[in-house]
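Okay, so here's the structure we're looking at.
Along the sequence shown, residues carry numbers from 1.
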Amino acid sequence: VQLQASGGGLVQAGGSLRLSCRASGTTSIQGMAWYRHTPGKQRERVAAITRGGNTIYADSVKGRFTISRDNAKNTLYLQMDNLKPEDTSVYYCSGSSWSTSPRDALEYDYWGQGTQVTVSS
């Protein structure tokens, strides 16, 4: 199973980006999520979504980010609007083969390679 993330880049504050994560080698991923990791900081789960479409968000991105998935295309998305410099990070997609609502990173057994998002002020 592979998760291939894309869509990162450089954007000015207030701008938007859309991340995508395509899964191959399986069609039965349950819970999925986007994490981000900035050097010197703890890894943070940005948003998560169940296979049925229920979502949760970190307080830091509520109202600005939207997670979604297309199960037919085996693809996860993260629409990021009103980006701030503090959103600069490497973003990783993740998926669980067994947990519908993973509580922490240990319950995700698939991880993408990461995509860099840089927001300039």
Is it the case that atom CD in Gln2 sees more than 12 heavy atoms from other parts of the structure closer than 6.0 Å? no
Connected via hydrophobic side-chain network under 4.5 Å: Trp34 and Tyr110: yes
Once rounded to the nearest 0.5 Å, what's the spacing between atom CZ of Arg45 and atom CD1 of Ile56? 4.0 Å
Look at the aromatic rings of Tyr35 and Tyr108 and report parallel, tilted or perpendicular, splitting at 30° and 60°. perpendicular
Worked verdict on Asn74 versus Thr27 for side chain to side chain contact (heavy atoms under 4.5 Å, CB included): CA-CA 7 Å; Asn74 250 3; Thr27 58; 4.0 Å; yes
Hey, does the side chain of Asp70 reach the backbone of Leu76 with a donor-acceptor pair shorter than 3.5 angstrom? no
Ignoring hydrogens, what is the shortest heavy-atom contact between Lys73 and Thr75? Give both atom names and the distance. O-OG1, 2.8 Å
Taking Ser60 for the side chain and Ala58 for the main chain, is one N or O donor matched with an acceptor at less than 3.5 Å? no
Taking every heavy atom of Tyr92 against every heavy atom of Gln113, the minimum-distance pair comes out as CE2-O, 3.6 Å
Which distance, rounded to the nearest 0.5 Å, do you find between the CZ of Arg69 and the OG1 of Thr50? 7.0 Å
Can you name the nearest heavy-atom pair linking Arg64 to Asn82, along with the distance? NH1-O, 3.0 Å
Closest approach of Arg36 and Ser89, non-hydrogen atoms and distance? CB-OG, 3.4 Å
Whether the Ser97 and Gln30 side chains hold a donor-acceptor pair (N or O, under 3.5 Å, no angle test) is what I'd like checked. no
Are a donor atom and an acceptor atom from the side chains of Gln79 and Thr66 found within less than 3.5 Å of each other? no
Measure across Leu3 and Ala23 and return the closest heavy-atom pair with its distance rounded to 0.1 Å. CD2-CB, 3.4 Å
State whether the side chain of Thr38 and the backbone N or O of Lys41 hold a donor-acceptor pair below 3.5 Å, judged by distance alone. no
Residues Asp87 and Lys84 bridged, charged N to O under 4.0 Å: no
Pairs in or reaching into residues 42-88: which pass ring-ring contact (aromatic ring centres under 6.0 Å, His included), with residues at least two apart or in two chains? none
Point-to-point distance, once rounded to the nearest 0.5 Å, from CZ of Arg43 to OG of Ser94: 8.5 Å
Tell me which donor-acceptor pairs under 3.5 Å the side chains of residues 7-20 have, and how far apart each pair is, sequence neighbours excluded?
unit_1: Ser16; atom_1: OG; unit_2: Asp81; atom_2: OD1; d: 2.7

Which residues share a side-chain contact (heavy atoms from CB on, under 4.5 Å) with Thr88, sequence neighbours left out: Gln116, Thr118, Val119
Kindly work out whether a path of hydrophobic side-chain contacts (I/L/V/M/F/W/Y, heavy atoms less than 4.5 Å apart) joins Met32 to Trp111. no
Under 3.5 Å, is there a donor-acceptor pair between the side chain of Ser96 and the main chain of Glu107? yes
Working to the nearest 0.5 Å, report the span between OG of Ser101 and CD1 of Ile49. 10.5 Å
In terms of heavy-atom contacts, does CZ of Arg51 have more than 12 from other residues, nucleotides or ligands at under 6.0 Å? yes
Side chains of Tyr91 and Met80: does their closest heavy-atom pair fall under 4.5 Å? yes
